Amino acid sequence: MKTVNDILPAAGAVDFYGDPQTVITGLCYDSRLVEPGNLFFATDGTHSDGHLFIGAALDAGAAAVVYSDPSVEKRPGAAWIRVDSPRRSMAPISAAFYDYPALKMKIVGVTGTDGKSTTVSLIHQLLELSGYKSGFVSTVEYKAGDEIRPNPYRQSTPEAPELQRLLAEMAAAGTEIAVLETTSHSLSPVNNRLGTVSFDAAVFTNLSHEHLEFHGTMERYRDDKGNLFRKLKPGGRAVINADDSNGSFFAELCRPEQVSFYSMKNAAADLYAFGVKTDGAETRFCLHVKEDGTFETATVLPGLFNISNLMAAVSAASAVSGEPESRLIGLLPRLQPVNGRMNRIDRGQPFQVIVDYAHTPGAFETVFPALRAAVSGRLIAVFGSAGERDTEKRPVQGEIASRYADIIILTDEDPRLEDRNVILKEIAAGIRNKTENETLFLIPDRKEAIRKAIASASENDAVILLGKGHESCIITAEGKIPWNERAVAEEILDQRERR
């Protein structure tokens, strides 16, 4: 617990009313979750103004309120902290409340459009296998103590109160190195979720069309991601994918001696992969470490894109641990894939069924060619696009899929308050060389879409289920519908085999 006086220096308050010795028991920005003694942040949401819920927060027992509207009526008995932006103030206040836990460990940040969760997991696994106490937070799951748990927040980088609490749990558990998935939303000064965190290593995976509903332009999207590298400590390391054309932008944000490049195309990179051979069960390849030689290794993770993720992980883990890259390369065969990322489902069927989280044009450009090359039969793709998110990417997704898939089934991802049928038609507008109700189907109900895909599959075909991966719900206008992509596919496959 803290008093208001303990966090006021971090708040950047422009006005204060009440007792500075008011005790704060916790932090909350959702009035429905307020507990007695909490400090409530009146943040704006996508569809609402947080100031409208101050009364409900006080009724639930809030002891203090962070707000920005000077016309707010102040009830006696609570402490009132006026700031320029309640949302931006959450990071410094949360850090102060939890005693600045990020200062008690090394921090690795991973940003990019695709591959972030996998790369976070791979770095964490390498650190743990090397004997370091590591914690992490990703889209899929997190580890703040001794147990890995599913991420319940539907945010890759949680809001500052949750993030700082997780970091505090890591610090209390003796964590030496924390690995954070750092999204463009969290790095944006508008949200400022990572406002008080500096990084010992920063990783850039790739950049493609995504989240323009928030950033507005690709330039702003890229620049917001660049804040990770601007927050690199003086002795920190920037690990950058040289194969992405945006890599030079991020490299220029750092001093030259801070930058390490990895590549599958440029043999002059600090870490270079070549000689890739796969037999379906594993992929073997060579990694050349500049000034240290070439090392053979293998991985059970499928796809060339995962070799890129592995290189990023090796370089970042080496930077924060001091372990030689050559030693870390020897650990790569022991690394396991992340839930919902290229996970194969085998219920004895004569065709492949694969679950993957790919939902951006960049991820589609990576996943579809890899699958097309590995499948001798037809490729059947099931996917949608998120409602109330970047609409420009929808026809692009459709166009990419139509280049590689033989059958496309469009369905719900998270329609939210948008018309689900409109979303599917916007994706379909980009699809070429497909005939509706023959090789293109629009089936909003995701379970029925998966059922259609599996019923259409024959020997040597592959069904790829994209966009949901690990996620535990589908967000609709009616609320959240519980969802488990893998379990649904397994149920449908089992029913197929019983017939």
Side-chain angles (χ1 to χ4, degrees), residues 114 208-209 278-280 302-306 340-385 393-413 420-421 423-469 485-486 488-497 499:
D114 304 303
S208 67
H209 201 293
T278 183
D279 61 8
L304 293 177
F305 54 91
N306 272 320
R341 303 306 195 267
M342 293 299 284
N343 296 161
R344 299 181 186 276
I345 301 176
D346 185 359
R347 309 296 276 193
Q349 76 276 3
F351 51 87
Q352 296 184 64
V353 177
I354 300 170
V355 173
D356 191 74
Y357 187 56
H359 61 284
T360 68
F364 275 29
E365 289 280 18
T366 299
V367 168
F368 272 109
L371 289 169
R372 179 70 279 169
V375 175
S376 59
R378 296 173 303 166
L379 183 57
I380 303 169
V382 178
F383 66 93
S385 198
K393 74 174 185 179
R394 293 172 184 172
V396 181
Q397 288 176 277
E399 190 279 324
I400 296 167
S402 65
R403 277 188 261 141
Y404 299 99
D406 299 284
I407 297 174
I408 297 175
I409 303 174
L410 302 179
T411 190
D412 280 352
E413 187 178 301
R420 62 205 308 212
N421 292 297
I423 295 173
L424 303 192
K425 289 176 182 177
E426 289 181 350
I427 302 170
I431 292 175
R432 303 289 179 262
N433 305 317
K434 299 289 183 288
T435 303
E436 192 162 352
N437 296 323
E438 292 183 12
T439 52
L440 170 64
F441 301 88
L442 279 61
I443 305 175
D445 185 297
R446 194 167 181 100
K447 185 171 186 178
E448 291 308 308
I450 294 173
R451 193 185 306 279
K452 172 67 176 176
I454 289 173
S456 302
S458 303
E459 187 173 358
N460 298 323
D461 290 348
V463 175
I464 177 72
L465 311 177
L466 300 172
K468 295 305 292 180
E485 189 99 317
R486 185 183 188 96
V488 168
E490 288 176 342
E491 175 191 340
I492 294 170
L493 286 167
D494 291 344
Q495 291 170 351
R496 177 184 182 278
E497 294 302 314
R499 287 202 299 271

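Because the structure is predicted, anything quoted here is derived from the model rather than measured. Just the heavy atoms: all of them, side chains too, but no hydrogens, waters or symmetry mates, feed the values below.
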Checklist line | D356 side, atom CG; L466 side, atom CG - distance, nearest 0.5 Å | finding: 6.0 Å

Checklist line | Shortest non-hydrogen contact between L465 and A489, atoms and distance | finding: CD1-CB, 3.9 Å

Note to self: Using every non-hydrogen atom in the two residues, find where A453 and V382 come nearest and quote the distance to one decimal.
What the structure shows: CB-CG2, 3.5 Å

Check: Under a 4.5 Å cut-off applied to non-hydrogen side-chain atoms, are Y404 and P369 in contact?
Finding: yes

Next item on the list: Hey, could you give me the CD1/NZ distance between I427 and K393, rounded to the nearest 0.5 Å?
Entry: 9.0 Å

Check: How many angstroms lie between atom CG of N306 and atom OG1 of T366, to the nearest 0.5 angstrom?
Finding: 10.0 Å

Note to self: For the backbone of A363 and the side chain of D114, can you confirm whether one donor and one acceptor N or O come within less than 3.5 Å of each other?
What the structure shows: yes

Notebook entry, point to check: Is the shortest side-chain N to carboxylate O distance from E490 to R486 below 4.0 Å?
Noted result: yes

Next item on the list: Using the test side chain to side chain donor-acceptor pair (under 3.5 Å), find all partners of R372 that sit at least two apart in sequence or belong to another chain.
Entry: D406

Notebook entry, point to check: Are the side chains of E436 and F441 in touch, meaning some heavy atoms are under 4.5 Å apart?
Noted result: no

Notebook entry, point to check: Rounded to the nearest 0.5 Å, what separation is found between the CZ atom of R432 and the CD atom of E399?
Noted result: 7.0 Å

Check: Would a distance-only check, ignoring hydrogens and angles, find a side-chain to backbone donor-acceptor pair under 3.5 Å from T411 to P444?
Finding: yes

Next item on the list: Kindly compute the distance separating CD1 (I407) from CG (D461), expressed to the nearest 0.5 Å.
Entry: 7.5 Å

Note to self: Between S402 (side chain only) and I431 (backbone N and O only), is there a donor and an acceptor less than 3.5 Å apart?
What the structure shows: no

Notebook entry, point to check: Passes side-chain contact (heavy atoms from CB on, under 4.5 Å), I464 versus V353? Steps please.
Noted result: CA-CA 6 Å; I464 177 72; V353 177; over 6 Å; no

Checklist line | K468 charged N/C atom sitting above Y357 aromatic ring, 6.0 Å / 45° | finding: no

Notebook entry, point to check: Is any side-chain heavy atom of L424 less than 4.5 Å from a side-chain heavy atom of R420?
Noted result: no

Next item on the list: May I ask you to decide if the ring planes of F364 and F383 are parallel, tilted or perpendicular, using 30° and 60° as cut-offs?
Entry: perpendicular

Check: When rounded to the nearest 0.5 angstrom, what distance separates CD1 in I492 from NZ in K452?
Finding: 13.0 Å

Note to self: Set out, in order, the CA-CA distance, both residues' side-chain angles and the distance that settles side chain to side chain donor-acceptor pair (under 3.5 Å) for E426 and S385, then state yes or no.
What the structure shows: CA-CA 9 Å; E426 289 181 350; S385 198; over 6 Å; no

Checklist line | Side-chain ion pair, E365 and R403, N-O less than 4.0 Å | finding: yes

Note to self: Between K434 (side chain only) and A428 (backbone N and O only), is there a donor and an acceptor less than 3.5 Å apart?
What the structure shows: no

Next item on the list: Not counting sequence neighbours, which residues clear side chain to side chain donor-acceptor pair (under 3.5 Å) with E485? List them please.
Entry: R446, W483

Next item on the list: Look at the side chain of D494 and the backbone N and O of E491, then say whether any donor-acceptor pair between them is shorter than 3.5 Å.
Entry: no

Check: Heavy atoms, side chains only, cut-off 4.5 Å: are I345 and L493 in contact?
Finding: yes

Notebook entry, point to check: Under 3.5 Å, side chain of Q349 to main-chain N/O of R347, donor-acceptor pair present?
Noted result: yes

Next item on the list: Specify the closest pair of heavy atoms between G384 and Q397, including all atoms of both residues, with the distance to one decimal.
Entry: O-NE2, 3.4 Å

Check: Would a distance-only check, ignoring hydrogens and angles, find a side-chain to backbone donor-acceptor pair under 3.5 Å from D412 to D445?
Finding: no

Check: Can you name the nearest heavy-atom pair linking V463 to A457, along with the distance?
Finding: CG2-CB, 3.8 Å

Notebook entry, point to check: Does K425 NZ have over 12 foreign heavy atoms under 6.0 Å away?
Noted result: no

Notebook entry, point to check: With side chains defined as the heavy atoms from C-beta onward, is the minimum distance between L371 and I354 less than 4.5 Å?
Noted result: yes

Check: Can you find a pair of side-chain heavy atoms, one from I443 and one from R451, that are under 4.5 Å apart?
Finding: no

